[in-house]
Every structure is written in structure tokens, then in C-alpha cells.
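Some notes on the structure that comes next.
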Amino acid sequence: MADVLPDKRQVALSFSRAAAQYDGAALLQRRVADGLLARLPVLHPQRWLDLGSGTGYCSRALAQRHPQAEGLALDLAPGMLRHARAQGAGAGHYLTADAERLPLRDACCDLVLSSLALQWCPDLPAVLAEARRILRPGGVLAFSSLVAGTLDELRQSWARVDDQVHVNRFRQQAAYAAAAQASGLQVLTLEVAPERLHFPDLRALTQHLKAIGAHNLNQGRPQGLTGRQRLAAFTQAYEGLREPAGLPATYQVIHVLLRKE
């Protein structure tokens, strides 16, 4: 899977550039984060980590829930961390680092939460191993991510035009399940639920993806401008999927809760 996921340096650069306009366009991200937070068991953490913290939406929610706890926000994109720090009322510490190599000591956290970040990590077992390492016994890793089938409308429409890579690729649900089972952590929850957004036209959809830094980052993606005829064929194919609410964009979201015994 590591050879088809986007390069992490490109991911960090893309999200850093999107930081300023991210919150205004991140309806899906807030919806998924709220769903993940609602799934958390009752916890009284002394220290929590927001892994792939972005602009700090989850950090602020965790700080409100656990005002006595120490909060850490970690992200690969420094631009996101600068924006989050400027918003305030979130984490006490901000770290630019890789989820696959956490700069934290063993058994230092009671909760690791990550919403819509781990889909960008090529080595998921390494992420889970690092989370297990830094969790105290009884601590919880809770994460949401995207699975295969996400933006299938976009993928199907481009498939009517050519065979190039136009849409970000994501792991299968089975890959998440296998990694969770092999992590050495107790599986509390593992479920997939679709989230659907609607857009008035394709321009609004592509602007949304660019604003949240999640436009096509895959290796093998087309370079340069898209031809006018090909773009017209793609638009016609996507318009064939239009619903009363607008053009659909479906995200397949997995929610996973793991506990260190």
C-alpha cells in the first residue's frame, strides 16, 4: 500500500497551504470528528494527544472535555499547527512530527485521538505500534479514517474518460481490521459509515477539495492541464449522478477504538 499512497511531504505541504481556508470548508471533517468524539468511552486522561491535529478542532473539543488534562497537538504540516496555535484554547503543546515516529516517551498518554489523518500514513502498523507504545495501560486510541470507496462518484466519472489516477486512493476496510487485530491492542469498535455531501456543481466540489488540502495527491496523477473535451466528458458523466440535493460526494469513514490492556 505504501507505493500507492501520496508522498507524505506533498501531504504536509498541501495541508499547510490550505490551513487558512480549511475550517471554512471542512464540514465533513467537523462531522466526522464529532462522530468520533461521541464514540469515546468515559475517560479521565491526565494527558491526551491529538494526532494529525490539523487546525485544532479536536484539540479544542478535548480541552473543553478535560480541562485539567495536558493536551498535545501533533501534525506533519507546520502550517496547520501555526494556524491551530493562533486559534488558542486547545492544546498546551504543538509538535511537528510524523505519526509513524512519535517524539514521545513510552506510556505517557491516556488518550490518543486522530480524526481523518491516518489515511495519509503509508505504514499503518507503525502508527498503531507507536500509539500502543505511548499509551498507558487502560489508555485508548480512537481514530477515524477514509477507506476504499471514498469519492467513488468522482472516480467512476473519470473512469468514463480515461484510466489515469484522478482520485486519492485509500485502504480497504479489511486492511484496517487486520492492522487493528495485529496491533496488540483490544478492539472496542471498528465500523464503517458513509458520509455524503452535495455540491451545486463540479467547480464547487473541486474548490472544496482544494480548500481542505485533499485534492489529488497520488503518485501517477495526471500532470498539466486537462483537455477541454476530456473535461466536458467528465462533467457530463458526473452530471448523470446528480440528485435533488446536488452532485453527490460520498466518503466512506471508518471509526476505530482500541484499548491498551
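- Nearest heavy-atom pair, L258 versus A180, reported as atom, atom and distance to 0.1 Å: CD2-CB, 4.0 Å.
- When all heavy atoms are compared, the tightest approach of W48 to A69 is CD1-CB, 3.9 Å.
- Counting non-hydrogen atoms of other residues, nucleotides and ligands closer than 6.0 Å to CZ of R31 gives a total above 12.
- Closest heavy-atom contact between R132 and L185: CG-CD2, 3.7 Å.
- The aromatic rings of F199 and H208 are tilted relative to each other, their planes meeting at an angle between 30° and 60°.
- Under a 3.5 Å cut-off, the side chain of R65 and the backbone N or O of L37 do form a donor-acceptor pair.
- Of the possible donor and acceptor atoms, one in the side chain of S145 sits under 3.5 Å from a partner among the backbone N and O of Q119.
- Side-chain contact between R155 and D152: present, with at least one pair of heavy atoms (C-beta onward) separated by less than 4.5 Å.
- With values rounded to the nearest 0.5 angstrom, L49 atom CG is found 8.5 Å from S114 atom OG.
- Rounded to the nearest 0.5 Å, atoms CZ (R133) and NZ (K260) are 9.0 Å apart.
- For the atom pair L124 CG and E100 CD, the distance stands at 9.0 Å (nearest 0.5 Å).
- With a 4.5 Å cut-off on side-chain heavy atoms, S144 and I254 do not count as touching.
- Atom CG of L128 sits about 5.5 Å away from atom CZ of F143, to the nearest 0.5 Å.
- In terms of heavy-atom proximity, R136 sits nearest to Q46 at NH1-CB, 4.0 Å.
- Using a 30° and 60° split on the angle between ring planes, F170 and W120 fall in the perpendicular class, above 60°.
- A side-chain donor-acceptor contact under 3.5 Å links D75 to the backbone of G54.
- Judged by distance alone, the side chain of Y251 and the main-chain N or O of L197 form no donor-acceptor pair under 3.5 Å.
- Both the sub-6.0 Å distance and the 45° axial angle are satisfied by R171 relative to the ring of Y176.
- In E243, the CD atom is crowded: over 12 heavy atoms of neighbouring residues, nucleotides or ligands sit closer than 6.0 Å.
- Atoms CG and CG, from N168 and L146 in turn, are 9.0 Å apart once rounded to the nearest 0.5 Å.
- Using a 3.5 Å distance cut-off with no hydrogens or angles, the side chains of T150 and Q252 do not pair a donor with an acceptor.
- If you take CE on M80 and OG1 on T96, they are separated by 12.5 Å, rounding to the nearest 0.5 Å.
- L36 and L113 get closest at one heavy-atom pair: CD2-CG, 3.9 Å.
- E153 and T250 are linked by a side-chain donor-acceptor pair at a separation below 3.5 angstrom, with hydrogens and angles left out of the test.
- Remark: the S59 side chain and the S53 side chain contain no N/O donor-acceptor pair separated by less than 3.5 Å.
- Around atom CD of Q186, more than 12 heavy atoms belonging to other residues, nucleotides or ligands sit under 6.0 Å away.
- When atom types are taken as modelled, the side chain of S157 and the backbone of L154 share no donor-acceptor pair closer than 3.5 angstrom.
- Between the R160 side chain and the Q156 main chain, no donor and acceptor come within less than 3.5 Å of each other.
- Judged by distance alone, with hydrogens and angles left aside, the side-chain atoms of Q236 form no donor-acceptor pair with the main-chain N or O of F234 at under 3.5 Å.
- Using modelled atom types, one finds a donor on one side chain and an acceptor on the other under 3.5 Å when comparing H93 with E70.
- Between the side chains of Y57 and D34, a donor-acceptor pair is found at a separation under 3.5 Å.
- Pairing each heavy atom of L28 with each of L116, the nearest pair is CD2-CD1, 4.3 Å.
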